[in-house]
K.L.:
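This structure is in structure tokens; I'll ask about it shortly.
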2 protein chains.
Amino acid sequence: MPMVAPERRRRVTISDVARHAGVSKAAVSKVIRNDYGVSDAMRDRVQRSIAELGYRPQAAARALRGRAYTIGVLMQHIGIPFYAEIVTGLVDELAASDYQAIMIQGGTHDKTEKRAIDALIDRQVDGILMIAPLAGRSHLEQVAREIPTLVLGRHDRSPAYDSIVDDDRVGSELVMEHLIGLGHRRIAHITFDKAHGQAADRTPRIRAETYERVMREHGLAGEIAVVATSYTEEGGYRGAQELLSRTPRPTAIFAGADEAALGVLAALHEVGLSVPDDVSVAGYDNTKLAAHPRIALTTVNQDGVVMGRTAGRLLLERIEGRTSAAHFSVIPSLVVRGSTAAPR
Amino acid sequence: MPMVAPERRRRVTISDVARHAGVSKAAVSKVIRNDYGVSDAMRDRVQRSIAELGYRPQAAARALRGRAYTIGVLMQHIGIPFYAEIVTGLVDELAASDYQAIMIQGGTHDKTEKRAIDALIDRQVDGILMIAPLAGRSHLEQVAREIPTLVLGRHDRSPAYDSIVDDDRVGSELVMEHLIGLGHRRIAHITFDKAHGQAADRTPRIRAETYERVMREHGLAGEIAVVATSYTEEGGYRGAQELLSRTPRPTAIFAGADEAALGVLAALHEVGLSVPDDVSVAGYDNTKLAAHPRIALTTVNQDGVVMGRTAGRLLLERIEGRTSAAHFSVIPSLVVRGSTAAPR
DNA sequence: AGGAAAACGTGTACCGGTCTACGACGCTCC
DNA sequence: GGAGCGTCGTAGACCGGTACACGTTTTCCT
């Protein structure tokens, strides 16, 4: 039995396959890429050799001349459950193709994000999915000129790139109609203020405007109460403190994001107010924590998996050559849980 | 003013820089890589040209001959907060270097994980950080022979790769001493059973064994009660149901993971038992949910950021040529919150 | 029947870097 | 003054793929 020493075996290359199959490198390349001009017999032979030698093409070499078969995903931070859902959808969609998704963290500053985007470009990814990027529109367009780009979660569409966005108007209406339907009138809203961090996007404004509009439509213009902090647990906490100090205090709080809603819950817990008996609370995003029985937050669900799948499909289309821009708006749904009830 | 059309500008290459600076490609390459044999004057000139042209080297071309300046991070799923912490540490450590971290999802099956690992290898990453991989030890060693590898979160060390692991013995002791110190005697444990999914690692066993050992050391051998489900919310839920059906029911439950502890809380909530008055609950991992006031779970904290930083440092060392294996064991700490108290 | 187009394979330039070998230059030291 | 040596810089091979041009054979259409 020929015992081969496993020490530092040189990687199998396309030339090895070509030699083994008795054909040219170019032929092997064609077979791999399902390119035009390959007979069945040739394909069989080459594929047998590939399998036998355990050959896998080297991405760097491919990238240099053709494609890298890689989709880059940019996000601020990987620990965000909603982003994970999107990635799940994307990976799912790409599974059938030869493309692989890689994720990169952009962080919370323009500068670090730019470095991350550059890193993706330098690695010649074939497409970029940017989830809620911080970069300004002109920078996004500039990137899109070089690489097929899809921006997810931002309302400023552009002909240069595709976009997918949650219909925040619909989602906010769902929350508000739900609360008003329960009989609430003193409904407050916590929104995001630019002063508390970068928000390159209109999302918070849309949610806040919809809140105000629905209030007015129900003759509750006089009850409008908006606090601007940030879409974080701490922001929600501070916002709730502020709202609870007012008299009469609101009977319901619609936080613009689940993270903030968690802060609201914490603040209520601290002062001994019960949810939903004393105050109803609703969020937006349906993060994983929201579902836990001890939290049970009424919120708005955006189907991240569907968004991710759609993103994958659109990116592959772009890579295949589509030049017109596509813009999707995903309709969210309301998830009613224990944190909302009729006011006492 | 010469107005240059921005349409499809060809990317700046090393040759462009060389021409612009009036030197050879090799000289530019040396400057970029801080290689030996470059005079100060030369460095200045080249760097000025690089800045002026906005040149950035193309990773694929570098990878083909040298390095890709990329660290690949493999994880089952990106939405896990503890993993995100690790990545934060890693990114932090790499920030000073020229290396970039990219993440890839391995999923929960051997097969998908293998595909992800192959993808990283094919992209010629210079080092791989595997967070709690599913793959068998021999497969890990095989990968490590090709690429500097660090395995995080697994107890089976190997001379072929570096490893970082939480000292689960110490962590479990902290929990148990805490509970016993409060006066608990009927303490139950929920562990992970292979039947409920792949666990290529000994972590659950170590936690369970430590639980049993500490019980015996305190003369509580007769009170030992272990339920084997899984380290998931659902597993904790089922485990708690089982434990609560016993009489007398335990006064404290040590879940082997926070996820499971959340399930325990849900189960207790359902049957109307209060925490910590009726039952104390402790977890392990200090996930983000554990900290929320409505959850307030006593748990064990592993410093993911430190682990990530260490991982980065070790990988860079390996890439620089270290051949001996390094193994780190990180000492965890107890975080006491409201879910544990003296038994009534 | 005749010509165009499609089918199939090969050879080779090329992508953008890195690495090796080597030559030119300036300096020191007998 | 020339040998010896370290420094600086260049030319050109090379990495592993893909794209393109090209030649021959087969198929299709009128």
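The sequence lines fix the lettering, A, B, ..., with proteins before strands; numbering per chain opens at 1. Values in this document were obtained by computation on a predicted structure and should not be read as measured data.
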K.L.:
Could you tell me how far apart R56(B) (CZ) and dG17(C) (P) are, to the nearest whole angstrom?
P.N.:
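It is 11 Å, rounded to the nearest whole Å.
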K.L.:
For the pair made of CD1 in I50(A) and C1' in dG17(D), what is the distance, rounded to whole Å?
P.N.:
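About 13 Å, once rounded to whole Å.
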K.L.:
Looking at every strand, decide which applies to Y55(B) at a 4.0 Å heavy-atom threshold: base, sugar-phosphate, or nothing.
P.N.:
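Since only primed, P, OP1 and OP2 atoms lie under 4.0 Å of Y55(B), the category is sugar-phosphate.
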K.L.:
Any donor-acceptor pair under 3.5 Å linking the side-chain atoms of R123(A) with those of T70(A)?
P.N.:
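On atom types as modelled, these side chains do not qualify, holding no pair under 3.5 Å.
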K.L.:
Could you check how far CG of D122(A) sits from C1' of dC15(C), rounded to whole Å?
P.N.:
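Distance check: D122(A) CG to dC15(C) C1' gives 16 Å.
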K.L.:
Looking at D118(B) and K114(B), does any basic side-chain N land under 4.0 Å from a carboxylate oxygen?
P.N.:
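So D118(B) pairs with K114(B) through a salt bridge.
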K.L.:
Does the side chain of R43(A) come within less than 4.5 Å of K30(A)'s, by heavy atoms?
P.N.:
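K30(A) does not reach R43(A) side chain to side chain.
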K.L.:
Figure out the CG/P separation between D126(A) and dT18(D), and round it to whole Å.
P.N.:
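Going from D126(A) (CG) to dT18(D) (P), I get 12 Å.
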K.L.:
Using only modelled atom types and a 3.5 angstrom limit, is any donor from either the side chain of R65(A) or the base of dC14(C) paired with an acceptor on the other?
P.N.:
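In this structure, the two groups form a donor-acceptor pair.
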K.L.:
Which whole-number value in Å describes the distance from D44(B) CG to dG9(D) P?
P.N.:
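Taking CG of D44(B) and P of dG9(D), I get 12 Å after rounding.
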K.L.:
Looking at DNA chain C, which of residues 22-34 of chain B put a heavy atom within less than 4.0 Å of it?
P.N.:
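Only K25(B), A26(B), S29(B), R33(B) qualify.
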K.L.:
Nearest 0.5 angstrom please: R19(B) CZ to T13(B) OG1, how far?
P.N.:
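If we round to the nearest 0.5 Å, R19(B):CZ and T13(B):OG1 are 7.0 Å apart.
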K.L.:
Send over the distance from D35(B) CG to dG9(D) P, rounded to a whole Å.
P.N.:
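Taking atom P of dG9(D) as the reference, CG of D35(B) is at 13 Å.
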K.L.:
Round to a whole Å and report the spacing from CG of L64(B) to P of dC19(C).
P.N.:
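Rounded to whole Å, this separation is 12 Å.
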K.L.:
Output the distance between atom CZ (F328(A)) and atom CE (M307(A)), rounded to the nearest 0.5 Å.
P.N.:
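Going from the CZ atom of F328(A) to the CE atom of M307(A) covers 11.5 Å.
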K.L.:
Rounded to the nearest 0.5 Å, how far does CD of Q58(B) lie from CG of L64(A)?
P.N.:
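If I round to the nearest 0.5 Å, the distance is 6.5 Å.
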K.L.:
Below 4.0 angstrom from OP1 or OP2 of dG9(D), is there any side-chain N or O of S39(B)?
P.N.:
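For dG9(D), OP1/OP2 do have a side-chain N/O of S39(B) under 4.0 Å.
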K.L.:
So does Y36(B) get a side-chain nitrogen or oxygen closer than 4.0 Å to the phosphate oxygens (OP1/OP2) of dT7(D)?
P.N.:
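Checking Y36(B) against dT7(D): at least one side-chain N or O falls below 4.0 Å of OP1 or OP2.
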K.L.:
Quick one: on DNA chain D, does M42(B) or Q58(A) contact a more 5' nucleotide (nearest heavy atom)?
P.N.:
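Per heavy-atom nearest nucleotide, the more 5' residue is M42(B).
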K.L.:
Just verifying a value: how many Å separate T149(A) OG1 and L315(A) CG, rounded to the nearest 0.5 Å?
P.N.:
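T149(A) OG1 to L315(A) CG: 8.0 Å, rounded to 0.5 Å.
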K.L.:
Taking the minimum atom-to-atom distance to the side chain of I14(A), which one of dG17(D), dT10(D), dG17(C) wins?
P.N.:
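Closest of the options to the side chain of I14(A): dG17(D).
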K.L.:
Have a look at the helix from dA1(C)-dT30(D) to dC30(C)-dG1(D) and give the angle its two end axes make, five pairs each, rounded to 10 degrees.
P.N.:
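Inter-axis angle at the ends, rounded: 30°.
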K.L.:
For a quick check under 3.5 Å, do R67(B) and Y99(B) share a side-chain donor-acceptor pair by atom type?
P.N.:
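Indeed, the side chains of R67(B) and Y99(B) share at least one donor-acceptor pair under 3.5 Å.
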K.L.:
Can you work out whether A61(B) or D40(A) has the more 5'-proximal nearest nucleotide on DNA chain C?
P.N.:
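Looking at the nearest nucleotide for each, D40(A) comes out on the 5' side.
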K.L.:
Stepwise, does the side chain to side chain donor-acceptor pair (under 3.5 Å) test hold for R33(A) with S29(A)?
P.N.:
CA-CA 6 Å; R33(A) 290 174 295 115; S29(A) 177; 3.0 Å; yes
K.L.:
What is the distance from CZ of R19(A) to P of dT10(C), rounded to the nearest Å?
P.N.:
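Spelled out: CZ on R19(A) to P on dT10(C) is 15 Å.
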K.L.:
Is R11(A) salt-bridged to D122(B), cutoff N-O under 4.0 Å?
P.N.:
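Looking at R11(A) and D122(B), the cut-off is met.
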